[in-house]
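Values in this document were obtained by computation on a predicted structure and should not be read as measured data.
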Amino acid sequence: MNPLAQTVRNNTAIGMNGRWNDPVYPAPGGIATSCHFATLYWAFLAEFTRHPTLDEILKIGNAEVVMTGLVQHGTRKRRPTGGNLALTPGAVLVFVEQKQARHSCVALDGQNVGGYNQASWYSAGGGDHTYSTHPTSQLQWGTGGNQDKVRRTLGAMWYELYEVPETWVKATVRSKVQG
């Protein structure tokens, strides 16, 4: 098993042109490299120290549903009283709106995350169907009733943040694949 943060750093490219395909048994059109797909792909790679097959990806199932289920094992993050949000390296940060996981990424260290499709989730940079990194200082915290939530720059929705331990994410992937 490998640490998840290191796995992400060493494997930033997943697929091509926003799509992933098993090199041996490609799916027609491939699978979209969503943020949740990328997070679970890296968790598989970290847990098994090899890339998944299409069959294993299908066993993991709907990435948004899996990430939403993982939130129950996470810790709700609040606006820091001073400085930037601190994270546990390797943990998965999940952005939740109306009890649904809307975005996920991996803590590369205590203050930086890496993930796919991060355009508009942070105040600067990011892209669609590509990998990017962001410091937690780029989170846009609310005020008043939303002080412990972050805003996506696209739209006016507010999101709760949950930090899910790496061990839970990897164990979930293992149980679904070996199920």
Side-chain angles (χ1 to χ4, degrees), residues 1-74 87 89-97 100-109 112-122 124-134 138 152-155 159 162-179:
M1 293 190 310
N2 290 329
L4 185 54
Q6 189 62 45
T7 298
V8 172
R9 280 190 196 94
N10 294 339
N11 297 276
T12 58
I14 299 176
M16 188 178 295
N17 299 323
R19 316 273 314 159
W20 174 84
N21 244 316
D22 183 329
V24 178
Y25 299 106
I31 296 174
T33 309
S34 69
C35 60
H36 299 317
F37 176 85
T39 299
L40 294 172
Y41 184 94
W42 288 317
F44 180 98
L45 184 55
E47 180 65 11
F48 294 102
T49 63
R50 65 175 177 78
H51 295 276
T53 65
L54 176 60
D55 183 54
E56 290 164 329
I57 291 295
L58 295 174
K59 284 181 181 178
I60 293 169
N62 181 300
E64 183 177 337
V65 171
V66 175
M67 293 310 297
T68 298
L70 281 167
V71 170
Q72 68 183 320
H73 302 292
L87 301 171
V92 171
L93 189 61
V94 183
F95 295 65
V96 175
E97 184 256 333
Q100 295 293 310
R102 302 296 186 197
H103 181 63
S104 62
C105 51
V106 177
L108 300 175
D109 56 41
N112 294 283
V113 299
Y116 262 73
N117 298 340
Q118 300 208 94
S120 78
W121 289 100
Y122 296 89
D128 286 328
H129 309 295
T130 188
Y131 175 82
S132 64
T133 62
H134 300 273
Q138 291 180 359
R152 186 175 182 190
T153 59
L154 180 66
Y159 299 84
Y162 288 85
E163 183 181 52
V164 181
E166 172 180 352
T167 53
W168 273 108
V169 179
K170 289 166 50 174
T172 298
V173 167
R174 178 174 285 282
S175 71
K176 289 190 170 295
V177 170
Q178 295 181 337

Query - Audit row: Asp109, Arg9, side-chain contact (heavy atoms from CB on, under 4.5 Å) steps and yes/no - result: CA-CA 11 Å; Asp109 56 41; Arg9 280 190 196 94; 4.1 Å; yes
Check [X] against [Y] and note the closest heavy-atom contact, atom names and distance.
| X | Y | answer |
| --- | --- | --- |
| Ile57 | Pro52 | CD1-CG, 3.6 Å |
| Gln118 | Cys105 | OE1-CB, 3.5 Å |
| Lys170 | Ala43 | CG-O, 3.9 Å |
| Glu163 | Ala91 | CG-CB, 3.5 Å |
| Ser132 | Gly126 | OG-CA, 3.5 Å |
| Tyr116 | Ser34 | CB-O, 4.1 Å |

For [Y], is there any backbone N or O sitting under 3.5 Å from a side-chain donor or acceptor partner on [X]?
| X | Y | result |
| --- | --- | --- |
| Thr133 | Val113 | no |
| Glu47 | Arg174 | no |
| Arg50 | Leu45 | no |

**Report entry** Partners passing salt bridge (Lys or Arg N to Asp or Glu O under 4.0 Å) against Arg102 (at least two apart in sequence or in another chain)
**Finding:**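 With sequence neighbours excluded, Arg102 shows a salt bridge (Lys or Arg N to Asp or Glu O under 4.0 Å) to Glu64, Glu97, given in chain and number order.
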Report task. Apply salt bridge (Lys or Arg N to Asp or Glu O under 4.0 Å) to Lys59 and list each qualifying residue two or more places apart in sequence or on a separate chain. Result ->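 Only Asp55 meet the salt bridge (Lys or Arg N to Asp or Glu O under 4.0 Å) criterion with Lys59.
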Side chain to side chain donor-acceptor pair (under 3.5 Å) partners of [X], counting only residues at least two apart:
| X | result |
| --- | --- |
| Gln72 | none |
| Thr53 | Glu56 |
| Gln6 | Asn10 |
| Ser104 | His36, Thr39 |

Partner set under side chain to side chain contact (heavy atoms under 4.5 Å, CB included) for [X], not counting sequence neighbours:
| X | result |
| --- | --- |
| His129 | Asn117 |
| Ala107 | Leu87 |
| Val66 | Leu40, Ile60, Leu70, Thr172, Lys176 |
| Ser120 | Arg152, Thr153, Leu154 |

Within-4.5 Å side-chain heavy-atom neighbours: [X] and [Y]:
| X | Y | result |
| --- | --- | --- |
| Thr68 | Val65 | no |
| Val92 | His73 | no |
| Tyr41 | Asn11 | no |

Report task. Go through Val106 and Leu93 one step at a time and tell me if the side-chain contact (heavy atoms from CB on, under 4.5 Å) criterion holds. Result -> CA-CA 6 Å; Val106 177; Leu93 189 61; over 6 Å; no
Query raised in the report: To the nearest 0.5 Å, how far apart are OH in Tyr159 and CD in Gln100?
Result: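 CD of Gln100 is found 12.0 Å from OH of Tyr159.
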Query - Spatial distance of atom OH (Tyr122) from atom CD (Gln138) [nearest 0.5 Å] - result: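 Answer for the OH-CD pair, Tyr122 versus Gln138, is 8.5 Å.
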Would you mind writing out the side-chain donor-acceptor pairs for residues 14-24 within the sub-3.5 Å range, not counting sequence neighbours?
unit_1 : atom_1 : unit_2 : atom_2 : d
Arg19  : NE     : Gly29  : O      : 2.8
Arg19  : NH2    : Gly29  : O      : 3.4
Arg19  : NH2    : Gly30  : O      : 3.1
Asn21  : OD1    : Ala27  : N      : 2.6
Asn21  : ND2    : Ala27  : O      : 3.4
Asp22  : OD1    : Val24  : N      : 2.8
Asp22  : OD1    : Tyr25  : N      : 3.4
Asp22  : OD2    : Leu54  : N      : 2.8

**Report entry** Results of ring pair (Phe, Tyr, Trp, His ring centres under 6.0 Å) for Tyr162 - residues two or more places apart only
**Finding:**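 So Tyr162 forms no ring pair (Phe, Tyr, Trp, His ring centres under 6.0 Å) with any residue.
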